[in-house]
Amino acid sequence: MFLKTVLADGAAEQRVIREMKARADSARGDIETTVRAIMDDVCARGMAAVEAYSCKFDGCAPYVIKQEVLDRAYADCDPKLIAALENAAANIRDYHEQMLVKSWEYRRGEGQVLGQTVRGLSRVGIYVPGGTAAYPSSVLMNAIPAKVAGVGEIIMVTPPTENLNNAVLAAAKIAGIDTVIACGGVQAVAALTYGADFIPQVDKIVGPGNAFVAAAKKLAFGVVDIDMIAGPSEVLVIADSTADPTCVAADLLSQAEHDRLASAVLLTDSMPQAQAISAEMERQAKLLPRWDIIRESVENYGCAIVFEDFADACKVADLVAPEHLEIVTAQPRELLPLLHNAGAIFLGAYAPEPLGDYMAGPCHVLPTSGTARFFSPLSTDTFLKKTSIIEYSKDALAALADDIVALAESEHLDAHANSIKVRFREG
């Protein structure tokens, strides 16, 4: 079979999960030493180092892409593509406006006001790959939530390819990005981390990139914040006998085509359905331009697991914690309470994963490699910082003074205790 198939027996499915989790480690490679050297050099020498690496790897020094270039790219794009980007942008904006958290305060007794201020970050950097991995949808998905969150300034960096991608530049214009800079690779991440001449230091770096960019973001964390370290793309589909094999196969292939490390997994309660979906995947894949990538991805990281009931399938899905989880069953909402770990859940035959990638509105920047157990999708929350507000009257503090002193002295922090005592010392 094109898609290797196993019967769940308590051990076979565990083996598959272990193989899936191991693939993220194999993808990293030993590149951190190289990346660290570039990061340290940019930290020390600033723009001189950035220019040297840009000329070496990309063939030219970094430069700011002028507004008229963005305008021309927008005008040169197919009107149908522009309409699609505008529609996607509107849906992304609408969704993220619904989830935006506001500042708040409340009174807890006489003389006590507590609360939280919620503000957008001052400056954010968005990394956008170039070349064959140029994705205008990712520009929208990263920038628009930042805009909705109230980020003060958005800087986009993208490799200075010979022919900059018009769709990517048009998306930057649609999203309202403040400055677009032609600079890519580790040196771009380093410049955003430490600041380098006209590339300012940012508060947070988001956006996808290759293994070197991912390593650079990992090393940048602590100096600046980052969104997440993304691993290979993955989809897990739960399908029963009512699912259309043609559609399920197409959905599995939509992730397998990303790269050779992508994972496509099917969970079902029907061996005939697993066989039908496997056969349909092979038929469709052979007609696709990225057949070689798909074949390797499915061979190494694709799998169908057949269960006796979907309760056990949901337990396995939770262990996998996939980036994308589709439920294609007669009653998909019945399984929703059993599923806790996924980047995004797609319910029903007419909510395929590409709907989320491009148009529905929720961000397609999702946790991978099992990190959906504790990470959330990129959203407005990614670009907000929260500050606690504490205001007490003299009487309200006096009511708690003895307790505060007792706790401080129990920790041998006498200056803490004294900070309270001096306010109520007689004479």
Side-chain angles (χ1 to χ4, degrees), residues 92-125 142-154 176 178 200-206 220-228 318 321 336-345 361-363 365-367 371-427:
I92 297 165
R93 189 175 299 108
D94 173 69
Y95 177 84
H96 286 87
E97 284 174 349
Q98 306 307 311
M99 66 161 56
L100 186 61
V101 179
K102 304 292 180 65
S103 298
W104 54 272
E105 286 187 353
Y106 78 106
R107 292 185 177 275
R108 187 179 64 193
E110 186 66 30
Q112 305 173 46
V113 178
L114 301 165
Q116 190 176 69
T117 61
V118 183
R119 301 184 180 92
L121 298 175
S122 296
R123 183 185 290 133
V124 165
N142 281 277
I144 292 175
K147 278 287 185 181
V148 172
V151 169
E153 183 181 9
I154 301 175
D178 296 287
Q201 182 184 43
V202 299
D203 301 312
K204 188 163 194 166
I205 301 172
V206 302
F221 179 69
V223 180
V224 299
D225 195 13
I226 62 171
D227 48 356
M228 63 186 77
D318 261 2
L336 195 54
L338 304 178
L339 296 162
H340 308 90
N341 301 328
I345 298 177
C363 189
V365 181
L366 303 169
T371 60
R373 292 181 297 109
F374 47 83
F375 276 144
S376 302
L378 184 143
S379 69
T380 53
D381 286 345
T382 305
F383 302 102
L384 296 173
K385 60 178 180 180
K386 301 171 183 179
T387 304
S388 301
I389 300 296
I390 302 169
E391 181 182 4
Y392 268 55
S393 68
K394 181 178 181 180
D395 289 344
L397 177 61
L400 296 176
D402 289 344
D403 288 344
I404 299 171
V405 169
L407 288 169
E409 290 180 343
S410 76
E411 296 179 353
H412 307 291
L413 296 175
D414 295 330
H416 281 64
N418 189 57
S419 172
I420 301 299
K421 290 178 181 179
V422 297
R423 284 169 166 75
F424 300 102
R425 188 172 292 152
E426 294 182 3

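Being a predicted model, the structure only gives us computed values, none of them experimental.
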Applying side chain to side chain contact (heavy atoms under 4.5 Å, CB included), can you list everything that pairs with D178, at least two apart in sequence or on another chain?
K147, E153, I154

Closest non-hydrogen atom pair between A342 and I345, with its separation:
CB-CG1, 3.8 Å

Residue list, side chain to side chain donor-acceptor pair (under 3.5 Å) with D318, at least two apart or on another chain:
H340

Closest heavy-atom pair and its distance - G343, P377
O-CG, 3.3 Å

With a cut-off of 3.5 Å and sequence neighbours excluded, list every side-chain donor-acceptor pair involving residues 408-422.
residue: E409; atom: OE2; partner: K421; partner atom: NZ; Å: 2.8
residue: S410; atom: OG; partner: L407; partner atom: O; Å: 2.6
residue: N418; atom: OD1; partner: R425; partner atom: NH2; Å: 3.2

Test side chain to side chain contact (heavy atoms under 4.5 Å, CB included) applied to P362 - qualifying residues, sequence neighbours left out:
Y95, A360

Heavy-atom pair of closest approach, residues P145 and S379
CB-C, 3.9 Å

Could you note down all residue pairs passing side chain to side chain donor-acceptor pair (under 3.5 Å) where residues 105-118 supplies at least one of them, sequence neighbours left out?
W104-Q116, R108-Q112, R108-Y392, Q112-Y392, T117-R119

What one should report as the nearest heavy-atom pair of A396 and G111 is CB-O, 3.6 Å

Residue pair F383 / N142: nearest heavy atoms and the distance that separates them
CZ-O, 3.5 Å

What residues form a side chain to side chain donor-acceptor pair (under 3.5 Å) with K204, not counting sequence neighbours?
D225

Give a yes or no on whether F221 atom CZ has more than 12 heavy-atom contacts from other residues, nucleotides or ligands under 6.0 Å away.
no

Those residues at least two apart in sequence (or on a different chain) that pass side chain to side chain contact (heavy atoms under 4.5 Å, CB included) with L100 are K102, V148, T380, L384

Residue pairs passing the salt bridge (Lys or Arg N to Asp or Glu O under 4.0 Å) test where at least one lies in residues 376-394, sequence neighbours excluded
none

To check you understand the geometry: which heavy-atom pair defines the closest contact between A321 and A372, and what is its length?
O-CB, 3.7 Å

